[in-house]
Amino acid sequence: SIFPVSEQIFELSGDTRDPKILFAGTHRGLYKTSNGGMTWSLVFRLDATGITLAQSRSTPNVCYLGFSTGGAGGIAKSTDGGDSWQPIGAADIKRAVHLVQIEAQNSEIVYVRSDALYKSLNGGRSWGNITPEGGNLNVVGIDPHKPGRLLTPDTGLHRPPNFIESTDGGMTWQHTSSLTVPVFVL
């Protein structure tokens, strides 16, 4: 069908392989088009207050969807390019999800920003809290060129350094003032 009128759109994302495939996260769920927006299908239905989508660059059929429904939220995963979705991580992530990011070289490593910073090493089957003490969760960067490198502004009194950095995917964090490579916001 044609994209529904009066949808509140939270996010619009393009497929990494095909410019005619688009996703629109709305207050009614996730829509997908395969023909550049001429027709849209509702592929994940929910009443949402926020939706965020991430598609793996290394395995483009793998996508993760984070959503918020008021103060609650969750994660869903697709292994068929966004045509079907399965809820994951319900035991670990129960609060509103603000952002999802997939490690560039490994679609099994996923980061989620919710009430804390979470990481999965197994495609979302289980999650661990890797929130750094004193970190600013409104801005978390992941280095697309160095797997496991994360940065967040230091909200403590450590001036300088100005950032908290992890080089092991959030297992440990160190204070730093170095920003020598480009990062993408998580």
Side-chain angles (χ1 to χ4, degrees), residues 10-19 21-25 29-30 32 34 43-46 48 50-69 72-133 135 137-152 164-174 181-186:
F10 301 118
E11 182 172 310
L12 189 63
S13 301
D15 187 273
T16 60
R17 303 162 295 182
D18 185 345
I21 298 175
L22 300 169
F23 297 93
L30 184 70
K32 179 180 179 181
S34 298
V43 293
F44 189 79
R45 168 82 173 108
L46 82 151
I51 288 184
T52 182
L53 177 74
Q55 182 181 22
S56 172
R57 293 192 182 284
S58 63
T59 314
N61 278 338
V62 174
C63 303
Y64 295 88
L65 178 70
F67 55 88
S68 304
T69 56
I75 303 286
K77 180 179 181 180
S78 173
T79 57
D80 60 8
D83 290 329
S84 63
W85 296 87
Q86 296 298 318
I88 59 172
D92 301 310
I93 300 173
K94 299 175 182 170
R95 302 292 307 266
V97 174
H98 306 292
L99 211 47
V100 179
Q101 183 69 36
I102 305 168
E103 188 80 47
Q105 292 83 5
N106 185 345
S107 65
E108 293 289 298
I109 300 176
V110 186
Y111 299 93
V112 168
R113 185 170 59 84
S114 181
D115 61 325
L117 182 60
Y118 294 95
K119 178 181 180 180
S120 176
L121 297 171
N122 56 17
R125 288 188 300 278
S126 62
W127 298 85
N129 184 334
I130 61 166
T131 305
E133 187 174 322
L137 288 184
N138 290 323
V139 181
V140 178
I142 181 171
D143 188 333
H145 305 292
K146 291 184 181 178
R149 182 169 186 227
L150 307 170
L151 288 165
T152 184
I164 303 173
E165 174 185 38
S166 176
T167 57
D168 59 9
M171 300 307 293
T172 61
W173 295 86
Q174 306 81 31
V181 297
V183 293
F184 291 7
V185 173
L186 170 67

- Item | Asp143 side chain vs Arg149 backbone, donor-acceptor pair below 3.5 Å | no
- Query: Around atom CZ of Arg17, are there more than 12 heavy atoms of other residues, nucleotides or ligands at under 6.0 Å?
  - Reply: yes
- Judged by modelled atom types alone, do Tyr111 and Glu103 share a side-chain donor-acceptor pair under 3.5 Å? yes
- Can you name the ring-ring contact (aromatic ring centres under 6.0 Å, His included) partners of Tyr118, sequence neighbours left out? none
- Query: Is there a donor-acceptor pair under 3.5 Å between the side chain of Ser78 and the backbone N or O of Ser84?
  - Reply: yes
- Partner set under salt bridge (charged side-chain N to carboxylate O under 4.0 Å, His left out) for Arg45, not counting sequence neighbours: Asp47
- Task: Consider only side-chain N and O atoms of Thr52 and Glu11, and report whether a donor and an acceptor are under 3.5 Å apart.
- Result: yes
- Query: Taking atom types as modelled, is there a side-chain donor on Thr167 or Glu165 under 3.5 Å from an acceptor on the other?
  - Reply: no
- Item | Those residues that, when tested against Lys119, pass side chain to side chain donor-acceptor pair (under 3.5 Å) (two or more places apart) | none
- Item | Neighbour count above 12 (heavy atom, 6.0 Å) for Gln105 CD | yes
- Query: Any idea which heavy atoms bring Ser56 and Ser107 closest together, and the distance?
  - Reply: OG-CB, 3.2 Å
- Please examine the side chains of Tyr64 and Ile88, heavy atoms only from C-beta on, and report whether any two atoms are closer than 4.5 Å. yes
- Using atom types as modelled and distance alone, determine if a side-chain donor or acceptor of Thr131 lies under 3.5 Å from a backbone N or O of Leu117. yes
- Are the side chain of Lys77 and the backbone of Gly123 linked by a donor-acceptor contact shorter than 3.5 Å? yes
